[in-house]
2 protein chains.
Amino acid sequence: MSNSKLYKGSINTIILKLLNEHNKMYGYEITQKVKDLTKGELNITEGALYPALHKLEAEGLLDVEIAKVDNRLRKYYKLTENGTKETANKLEELADYIKTMQTLINPKLA
Amino acid sequence: MSNSKLYKGSINTIILKLLNEHNKMYGYEITQKVKDLTKGELNITEGALYPALHKLEAEGLLDVEIAKVDNRLRKYYKLTENGTKETANKLEELADYIKTMQTLINPKLA
DNA sequence: ATCTTATGCATAAGAAAATTATGTATATAT
DNA sequence: ATATATACATAATTTTCTTATGCATAAGAT
């Protein structure tokens, strides 16, 4: 993913936000999109991604649709209604996290 | 700590920055300072704090000095030279993390 | 006097999340 | 032919945190 430990716990936020932005995506596409958007800074590994997608699906935040393209399997994921709500929560949590960390790191502005 | 998973991996950054700011602190003091600065948003638990302090010390980033105040034990931690360097790294990592996440979350500005 | 809360440390059991290593399979480029 | 890219998946291990527990002294409340 990255040599920085700070990304731990961020993968669900990333997945949900990307799906919110792009409607439906498949796993490999997500890894490439993240690599592309971050110019290689962040690489989501399969070992982290697929279990996360399965869990989000099990929690009812994602729906799956299987497709076959060029004789290869693709599993397209999209947000459910609850998934859309949870995306908003996750983005708020991220904003709060950043604000809190900046408070801790830059006490002058506290 | 917080109901948000985003703080995972952040505790070392927080500890190092606080010690960088306050020269020397003891464990309990760190928990109270964090609670105070974040207005209760973030509570560092002992189960997370003490193992983290011990690890940072084992890595040579912190030095310890034992004191007895009011007949109670205190272990004051301060940054070593390497600890000060690592603090700068961690703060840079945090800045990069925030920047990268904002890129992912707000693709309009990418 | 007794009990609770605060101060101060520590560790162990368990859960959660990621890394690393594999595994399968097809398509494309060299 | 061989390597790289596409596309999924899981298992073993490690990392990190939560929750629970333990010890001990001080201060405040009843």
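So you know, we letter chains A, B, ... as the sequences are listed, proteins then strands, and number each from 1. These figures come from a predicted structure and were not determined experimentally.
Between dA17(C) and Lys55(A), a contact under 4.0 Å exists linking OP1 or OP2 to a side-chain N or O. Residue Tyr50(A) places none of its side-chain N or O atoms closer than 4.0 Å to OP1 or OP2 of dA9(D). The side chain of Tyr28(A) contributes no N or O atom lying less than 4.0 Å from OP1 or OP2 of dC8(D). Not one side-chain nitrogen or oxygen of Asn71(A) sits closer than 4.0 Å to the OP1 or OP2 atom of dA25(C). For the pair His54(A) and dC8(D), the criterion of a side-chain N or O lying under 4.0 Å from OP1 or OP2 is not met. Side-chain nitrogen and oxygen atoms of Lys5(A) include at least one within less than 4.0 Å of the OP1 or OP2 phosphate oxygen of dT16(D).
Put simply, the side chain of Tyr77(B) does not reach to within 4.5 Å of the side chain of Leu18(B), judged on heavy atoms.
Contacts of Glu46(B) with the nucleic acid, taken as non-hydrogen atoms under 4.0 Å apart, include base atoms. Base engagement by Arg72(B) is indicated by at least one non-hydrogen atom pair under 4.0 Å involving a base atom. As judged by a 4.0 angstrom heavy-atom cut-off over every strand, Lys68(B) is placed among residues making no nucleic acid contact. Looking at heavy-atom distances under 4.0 Å, Gly27(B) makes contact with sugar-phosphate atoms alone, never a base.
Residues Ala52(B) and Asn12(B) approach most closely at CB-OD1, 4.0 Å, considering heavy atoms. Closest non-hydrogen pair, Thr13(B) versus Leu6(A), comes out as OG1-CD2, 4.1 Å.
When rounded to the nearest whole Å, the span between CG of Leu73(A) and P of dG23(C) equals 21 Å. The CD1 atom of Ile11(A) sits 17 Å away from the P atom of dA16(C) (whole-angstrom rounding). As rounded to whole Å, 14 Å separates atom C1' of dT11(C) from atom CG of Leu53(B). Asn3(A) has its CG atom 11 Å from the P atom of dT20(C), to the nearest Å. In this structure, Leu49(B) atom CG and dT19(D) atom C1' are separated by 16 Å, rounded to whole Å. Atom pair Asp36(B):CG and dA6(C):C1' shows a separation of 16 Å (rounding to whole Å applied). Glu59(A) places its CD atom 12 Å from the C1' atom of dA16(C), with the value rounded to the nearest Å. Summarising the geometry, the separation between CD1 on Ile44(B) and C1' on dC9(C) is reported as 16 Å, rounded to the nearest angstrom.
In this structure, of dA10(C), dC8(D), dT19(D), it is dT19(D) that holds the atom nearest to the side chain of Thr45(B).
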I would like to know whether His22(A) and Glu29(A) meet side-chain contact (heavy atoms from CB on, under 4.5 Å); could you show each step before the answer?
CA-CA 11 Å; His22(A) 295 90; Glu29(A) 187 184 10; over 6 Å; no

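For the side chain to side chain contact (heavy atoms under 4.5 Å, CB included) criterion with Ile98(A), the lone passing option out of Thr100(A), Leu94(A), Asp96(A) is Leu94(A).
Both Tyr76(A) and Ala48(B) sit near DNA chain D, but only Tyr76(A) has its closest nucleotide nearer the 5' end. The residue among Lys8(B) and Asp70(A) whose nearest nucleotide of DNA chain C is located toward the 5' end is Lys8(B).
For the residue pair Asn89(A) / Glu86(A), a side-chain donor-acceptor distance below 3.5 Å is found, with atom types taken as modelled.
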